[in-house]
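This is the structure I want to talk about, given as structure tokens.
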Amino acid sequence: MEDTIVAVATTIGKSSINVIRLSGKDAISIANKIFSRDITKFKSHTINYGYILEGNEKVDEVFLSIFLSPKSFTMEDVIEISMHGGPTSVNKVMELLLSNGARMAEPGEFLKRAFLNGRIDLTQAEAVSDLINAQTEGSRKMALKGIDKTIYNVINGLKEKVLSLIANIEVNIDYPEYEDAVVVTKEMINDTNKEIKNKIEELLNNSKKGLLVKNGLKIVIVGKPNVGKSSILNALLNENKAIVTDIKGTTRDIIEGSLMLEGIKIDILDTAGIRKTTDVVESIGVERSIEAINDADLVLFVVDSNEGWNNEDKEILAKLSNKEILVIYNKNDLKENYNVKELDKYNNISLSSFDNDKIEKLKKKITEIFDLNNITKSNYAYISNARQISLLNKCLEIIDDIDQAIKNEYEIDLIEIDVKRLWECLSDITGESSNEDLLNEIFSKFCLGK
């Protein structure tokens, strides 16, 4: 990290302002070569007015912010140049900085330096990515919980328990003559193991809520042709998104829309009616409908209350195995209180897509199925990062290995090997023991100026 890096921290284009960021040991001297005032005399954390110069010619009128090490985002000397928007000025200033000794930053390199210099841990870095990509108020709040070290503190608390256990085992093995040392028994290891396991299982259970807040819900509407799927989609979205006719097979491809329920983004897909058909275009639509079912968090299985239950419906139901299903008895304005005993085991609701009150009840039913009310009333301290979830599952596997070693009456010094593995796995979550390839993979997903 000897190089001084530079990148545009804002989107280049027509705008009122653009920001260029420099970080590294030569940031001040490089910027000083092209600024109209002596930067070396500026105090840290100040904003200073001046001009960017190429020789004696003015390039742009700017504000220059200075942050001296170690009190900066990267813990290095950092310069931020706020200049007029527009690609011409930005490109010119970047050209001057690069020609005076700076290097173009790699994607995410500012954030990576903040991590490597101890400014943030890996959970905070990943939370920054989540904050940048947050599409809902809930995902924003959840990302901030990661940035303010809420997740780190939970994982670090578990690490401290494991480390304390390792330290006591080491003392017992290396210094058995110490009378004041805590004698570590298999029962003590077992108790600590259970405590950590319970906490990790709690984190993983809550991670399902976190993934829901972060990614939203994907709901797919399925059923045979002409049961009212498109009408339900339009009613849920409160717009004429899909074409509705009495002709079977009108919907031939997937139509998507989205809405918000209790702060959670809901993506709804209206699919082609599933049936056997010789029409080439319609058959492609049917295949896509079946593919969409596989990715769905919830399937709205629409049954025509007026026409009744038949073999086509049964064939569709057979394709919905292992999926969360909400049966919709549609067109109940034509035939009320219709139901099918075969579907009684599923959540169900009767409605007419023309009845706004019934559509609101459908939204409420979806909210109840996924407990959206309680999720959005929580403190949002959820883990939703795939890497972190994977490592927590790996920790559970190691905990099971420790349990088995205790049951097999292994010696404590052998059990300690797995206890150390558990500590290392927890350390991988916060980044203390992550390898360079992994770090490069994580930080490469950020934009250049981050």
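Just so you know, residue 1 is the first one in the sequence shown, and it goes up from there. Note: hydrogens, waters and symmetry copies are ignored here, and every other heavy atom, side chains too, is used.
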Quiz item: Are more than 12 heavy atoms from other residues, nucleotides or ligands located less than 6.0 Å from atom NZ of Lys358?
Solution: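 Enclosed: over 12 neighbouring heavy atoms sit under 6.0 Å from NZ of Lys358.
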Quiz item: Charged N to carboxylate O below 4.0 Å: is that the case for Lys112 and Glu109?
Solution: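 Salt bridge absent between Lys112 and Glu109.
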Quiz prompt | Candidates Ile52, Thr88, Val62 - the one meeting side chain to side chain contact (heavy atoms under 4.5 Å, CB included) with Val93 | solution =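 The single option meeting the side chain to side chain contact (heavy atoms under 4.5 Å, CB included) with Val93 is Ile52.
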Quiz item: For Leu98, does the CG atom have more than 12 heavy-atom neighbours from other residues, nucleotides or ligands under 6.0 Å away?
Solution: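 Yes, enclosed.
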Exercise. Check step by step if side-chain contact (heavy atoms from CB on, under 4.5 Å) holds for Asn348 and Asn339.
Key: CA-CA 9 Å; Asn348 64 80; Asn339 75 302; over 6 Å; no
Exercise. Establish, for the pair Arg21 and Phe110, whether the NZ or CZ atom is under 6.0 angstrom from the six-membered ring centre and no further than 45 degrees off its axis.
Key: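 The answer is yes; both the distance and angle limits are met.
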Self-check item: Salt-bridge contact Lys25-Asp77 (side-chain N to carboxylate O under 4.0 Å)
Solution: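 Salt bridge between Lys25 and Asp77, a charged N being under 4.0 Å from a carboxylate O: no.
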Exercise. Give a yes/no verdict on a cation-pi contact between Lys149 and Tyr152, requiring under 6.0 Å between NZ or CZ and the six-membered ring centre and an angle within 45° of the axis.
Key: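 Pair Lys149/Tyr152 counts as cation-pi.
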Practice problem: Run the numbers on Phe115 and Leu122 for side-chain contact (heavy atoms from CB on, under 4.5 Å), then give the verdict. | Solution: CA-CA 7 Å; Phe115 167 74; Leu122 207 50; 4.1 Å; yes
Quiz item: Could Glu195 and Lys199 be called an ion pair, given the rule that one side-chain N must be under 4.0 Å from one carboxylate O?
Solution: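 Looking at Glu195 and Lys199, the cut-off is not met.
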Quiz item: Between the side chain of Thr46 and the main-chain N/O of Lys43, is any donor-acceptor distance below 3.5 Å?
Solution: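 Answer holds: yes.
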Quiz prompt | Ion pair check, Lys229 and Asp270, cut-off under 4.0 Å | solution =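 Asp270 and Lys229: not salt-bridged.
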Quiz item: Taking 4.0 angstrom as the limit, do Arg387 and Asp428 come out as a salt bridge?
Solution: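 Not counted as a salt bridge, because no side-chain N and carboxylate O are separated by less than 4.0 Å.
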Exercise. Show the numbers, then the answer: is there a side-chain contact (heavy atoms from CB on, under 4.5 Å) between Ile166 and Val162?
Key: CA-CA 6 Å; Ile166 293 170; Val162 178; 4.0 Å; yes
